[in-house]
Asks: 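The structure that follows is given in the form of structure tokens.
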Amino acid sequence: MPRLGNGNEEEEPPPARIGDGSIAQAYPGGSRNASLIQTMKGIIIVFSITLFLRNLILKDYRTDELSVLKANGLSEDEINLYIPKTTAEKNQLRKQDITKHTSDYAQLKMDVATLKEQIKLLNEKTGISETTTVMQGDGEEVPSSPLSGEETKGAGSLLKEKGQEGETYDTGS
């Protein structure tokens, strides 16, 4: 603001605007009620954030929801449509499947070994040798069986009949 004077004085800066933009405040240090309200707002905000994070981290809403759905009579498949399995549950199921399949595979290997032994014993009892084969019409060699009623021929005699005496094939398994 311009003032009357001799002009040699330094100009005073305009008064700073404080608070809501008024030039002067009635209480220069601020109102006690205003600072109390600001403090209360801060405490309430910190308390609310703390409660929110505590519930978010510590409370297990998933198991509560599962128990409510089971209590209402929904089956496991219907519940899985609403609430998918967690990653930990999926990993546990994969591990169970892997152990199940490896044990099944080991059992199948033992069964195959037992069946091979039984086939050898049966072949020894019936007199079937592993190298005896029969040619089918499409050119495949199939192990012959005396029970099938076909005449057994060796691989060499079959080659002579076909006219391929120069070529030899390994018929062993």
Side-chain angles (χ1 to χ4, degrees), residues 1-125 128 130 136 138-143 145 147 170-173:
M1 280 169 79
R3 296 184 184 222
L4 297 174
N6 61 6
N8 291 337
E9 299 173 13
E10 292 181 20
E11 289 187 30
E12 292 181 25
R17 297 195 174 262
I18 301 172
D20 61 343
S22 62
I23 293 178
Q25 274 189 325
Y27 302 104
S31 170
R32 283 186 164 207
N33 288 338
S35 65
L36 182 62
I37 290 173
Q38 291 295 341
T39 305
M40 293 301 290
K41 281 183 184 177
I43 291 172
I44 290 172
I45 288 172
V46 168
F47 184 70
S48 300
I49 290 173
T50 304
L51 285 178
F52 175 75
L53 291 176
R54 185 180 138 259
N55 281 340
L56 185 68
I57 293 171
L58 299 178
K59 185 144 173 88
D60 190 9
Y61 291 103
R62 187 176 183 277
T63 54
D64 293 343
E65 186 68 21
L66 285 172
S67 63
V68 167
L69 290 174
K70 286 180 183 177
N72 288 334
L74 293 177
S75 69
E76 287 292 325
D77 295 332
E78 292 171 331
I79 291 174
N80 287 337
L81 292 175
Y82 294 113
I83 303 173
K85 294 197 179 295
T86 61
T87 305
E89 289 174 342
K90 289 178 185 177
N91 288 338
Q92 184 181 11
L93 287 174
R94 276 192 212 115
K95 285 180 183 177
Q96 288 174 352
D97 286 346
I98 288 171
T99 56
K100 177 185 171 203
H101 290 302
T102 54
S103 64
D104 288 348
Y105 180 69
Q107 181 63 37
L108 287 174
K109 282 175 56 176
M110 290 183 351
D111 290 345
V112 167
T114 305
L115 288 173
K116 283 182 180 180
E117 291 292 324
Q118 290 175 351
I119 288 173
K120 280 184 182 179
L121 290 173
L122 186 63
N123 285 342
E124 288 174 2
K125 286 182 181 178
I128 299 174
E130 293 181 11
Q136 290 183 341
D138 57 355
E140 279 188 37
E141 291 185 19
V142 179
S145 167
L147 301 176
D170 184 19
T171 59
S173 299

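Just so you know, these numbers use all the heavy atoms, side chains as well, and skip hydrogens, waters and symmetry mates.
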Asks: Atom OH of Tyr61 and atom CG of Leu66: how far apart are they, to the nearest 0.5 Å?
Replies: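 One finds 15.0 Å between OH of Tyr61 and CG of Leu66.
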
Asks: Contact between Lys70 and Glu76 at the side-chain level, heavy atoms closer than 4.5 Å - yes or no?
Replies: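 In short, these two side chains touch, coming nearer than 4.5 Å.
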
Asks: Taking all heavy atoms of Lys85 and all of Lys90, pick out the closest pair and write down the distance.
Replies: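 Heavy atoms of Lys85 and Lys90 come nearest at O-CE, 3.5 Å.
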
Asks: Any non-hydrogen side-chain atom of Asp64 less than 4.5 Å from a side-chain atom of Asp60?
Replies: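 No - every pair of side-chain heavy atoms lies 4.5 Å or more apart.
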
Asks: Nearest 0.5 Å, what's the CG-CG distance between Leu122 and Leu115?
Replies: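 If we round to the nearest 0.5 Å, Leu122:CG and Leu115:CG are 11.5 Å apart.
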
Asks: Atom CD in Gln92, atom CG in Asp97: separation rounded to 0.5 Å?
Replies: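 Rounded to the nearest 0.5 Å, the CD-CG separation comes to 11.0 Å.
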
Asks: Working to the nearest 0.5 angstrom, can you tell me the gap between Lys116 NZ and Ile119 CD1?
Replies: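 If we round to the nearest 0.5 Å, Lys116:NZ and Ile119:CD1 are 9.0 Å apart.
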
Asks: Can you tell if the side chain of Leu93 reaches within under 4.5 Å of the side chain of Glu89, non-hydrogen atoms only?
Replies: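 Contact flag for Leu93/Glu89 side chains = no.
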
Asks: Indicate the atoms forming the closest heavy-atom contact of Thr99 with Thr102, along with that distance.
Replies: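 Scanning both residues completely, I find the closest heavy atoms to be O-OG1, 2.9 Å.
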
Asks: What's the separation between atom CG in Leu108 and atom CE in Met110, rounded to the nearest 0.5 Å?
Replies: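 Those atoms lie 9.5 Å apart.
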
Asks: Does the side chain of Glu78 come within less than 4.5 Å of Leu69's, by heavy atoms?
Replies: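 Counting from C-beta outward, Leu69 and Glu78 never come under 4.5 Å.
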
Asks: Among Ile44, Thr50, Ile43, Ile49, which one satisfies side-chain contact (heavy atoms from CB on, under 4.5 Å) with Val46?
Replies: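 Running side-chain contact (heavy atoms from CB on, under 4.5 Å) over Ile44, Thr50, Ile43, Ile49 with Val46 returns exactly one hit, Thr50.
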
Asks: Does Tyr105, at its OH atom, have more than 12 non-hydrogen atoms belonging to other residues, nucleotides or ligands within less than 6.0 Å?
Replies: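 No, because the 6.0 Å sphere around OH of Tyr105 holds 12 heavy atoms or fewer from other groups.
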
Asks: What is the minimum heavy-atom distance between Leu74 and Tyr82, and which atoms define it?
Replies: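 In this case the closest contact between Leu74 and Tyr82 is CD1-CE1, 4.0 Å.
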
